[in-house]
Structure formats: structure tokens, C-alpha cells
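Please read the structure below before turning to the comments.
None of the values given here were measured: they were computed from a predicted structure.
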Amino acid sequence: VQLVESGGGLVQPGGSLRLSCVASGSIFTINAMRWYRQAPGKQRDLVTAITSGGITSYADSVKGRFTISRDNAKNTVYLQMNSLKPEDTAVYYCNAEIMDRVTLPRRMKDYWGQGTQVTVSS
């Protein structure tokens, strides 16, 4: 099982980006999916999460600007980021709780993507 993010890049303040994260491999089911971010010299922080049923939560710093969504048929989670600010600059990581078809007894395991850089600068 692996997670692969895409969609990062350089954007001006006030601009938008859409990140995607696809889970692939021998997947039985996916529980919660999350986006974290880590700025240089800082800890990795939780930005937003979405349950398998579509319930979402957001860090206060991104409420009203970021939207998380998922397509369960495609094992994909998205992060729509609007009104971007320089302080949103970070490496964004996808995280998911996944039960694969190989491990027995079956259990949820935590998986991480490799990260995608988002830079907000004029």
C-alpha cells in the first residue's frame, strides 16, 4: 500500500491550489484520511481530516479557506486550498488509516505519503 500526493507548487498570496492523494495497493478498506503540513523548523501539524462517512474537521488556521473531500471509489482524498497565505507554506503530507488484504489478522495501519511542497509567495 502506498499514498502518492500531487498538486503542490508555487502560488501567489490569495491564490488557490488543489492537492490530491491516491492510495494504491492491496486495499481492503480505508478509514480516516488526513492532511498534515510541516513548515521548515516546525513540527508536523494536522490540517484537516475526513472520516469514511464524510465527516470533516479543520484546524482553526484553515477554516473557511480549505476544504477536504474524498472519492471512496478512487481511494483518493483532495485538499482544496483557497485564499492562500504565506504562512500556509509547508510540505503537505497525506495520511490514511488503511486495512490491507494481506496482513492477518486484519487491522488498520497508518500510512503516509512522501509529501508535496506548497509555497505561497509573491
Could you go through residues 16-30 and list every donor-acceptor pair under 3.5 Å that involves a side-chain atom there, pairing it with any protein atom two or more places apart or in another chain?
unit_1	atom_1	unit_2	atom_2	d
Ser16	OG	Asn82	OD1	2.9

Pairs of donor and acceptor atoms involving the side chains of residues 59-66, under 3.5 Å and at least two apart or interchain, shall be tabulated with distances.
unit_1	atom_1	unit_2	atom_2	d
Asp60	OD1	Lys63	NZ	3.2
Ser61	OG	Arg37	NH2	3.4
Arg65	NH1	Ser83	O	3.0
Arg65	NH1	Asp88	OD2	2.7
Arg65	NH2	Ser61	O	2.8
Arg65	NH2	Asp88	OD1	3.0
Arg65	NH2	Asp88	OD2	3.4

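Residue Asn95 holds its CG atom at 7.5 Å from CG of Leu3, rounded to the nearest 0.5 Å. Interatomic distance, Arg70 CZ to Leu79 CG, rounded to the nearest 0.5 Å: 14.0 Å. Distance check, rounded to the nearest 0.5 Å: CG of Asn31 to CD of Glu97 gives 4.5 Å. The distance from atom SG of Cys94 to atom CE of Met33, rounded to the nearest 0.5 Å, is 5.0 Å. Rounding to the nearest 0.5 angstrom, the gap separating the CZ atom in Arg107 from the CE atom in Met99 is 10.0 Å. To the nearest 0.5 Å, the span separating CG on Leu46 from CZ on Arg44 amounts to 11.5 Å.
The 12-atom threshold is not exceeded at NZ of Lys74, counting heavy atoms of other residues, nucleotides or ligands nearer than 6.0 Å. Applying the 6.0 Å contact sphere to CG of Leu104 captures more than 12 heavy atoms from other residues, nucleotides or ligands.
Residue pairs meeting the ring pair (Phe, Tyr, Trp, His ring centres under 6.0 Å) criterion with at least one member in residues 89-122, sequence neighbours excluded: Tyr36-Trp112.
The side-chain heavy atoms of Glu87 and Thr89, taken from C-beta on, include no pair separated by under 4.5 Å.
Hydrophobic clustering (side-chain heavy atoms under 4.5 Å, transitive across Ile, Leu, Val, Met, Phe, Trp, Tyr) keeps Tyr78 apart from Val47.
Among residues two or more places apart in sequence or in another chain, the side chain to side chain contact (heavy atoms under 4.5 Å, CB included) test is passed with Ser57 by Ala49. For Asp45, the side chain to side chain contact (heavy atoms under 4.5 Å, CB included) partners two or more places apart in sequence, or in a different chain, are Gln43. For Leu10, the side chain to side chain contact (heavy atoms under 4.5 Å, CB included) partners two or more places apart in sequence, or in a different chain, are Thr119, Ser121.
Although no hydrogens or angles enter the test, the distance criterion places a donor-acceptor pair under 3.5 Å between the side chain of Glu5 and the main chain of Gln114. No donor-acceptor pair closer than 3.5 Å links the side chain of Thr103 to the backbone N or O of Arg106.
Considering every non-hydrogen atom in both Pro13 and Ser122, the closest pair reads CD-N, 3.7 Å.
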Given side-chain contact (heavy atoms from CB on, under 4.5 Å), test Tyr58 with Thr67 step by step and report yes or no. CA-CA 8 Å; Tyr58 297 91; Thr67 302; 3.9 Å; yes
Run the side-chain contact (heavy atoms from CB on, under 4.5 Å) test on Val77 and Ile68 for me, step by step, so that the C-alpha distance in whole Å, both residues' side-chain angles and the decisive distance to 0.1 Å come before the verdict. CA-CA 7 Å; Val77 63; Ile68 189 172; 3.8 Å; yes
Under the side-chain contact (heavy atoms from CB on, under 4.5 Å) criterion, do Thr48 and Arg34 qualify, and how do the steps go? CA-CA 6 Å; Thr48 180; Arg34 307 177 183 90; over 6 Å; no
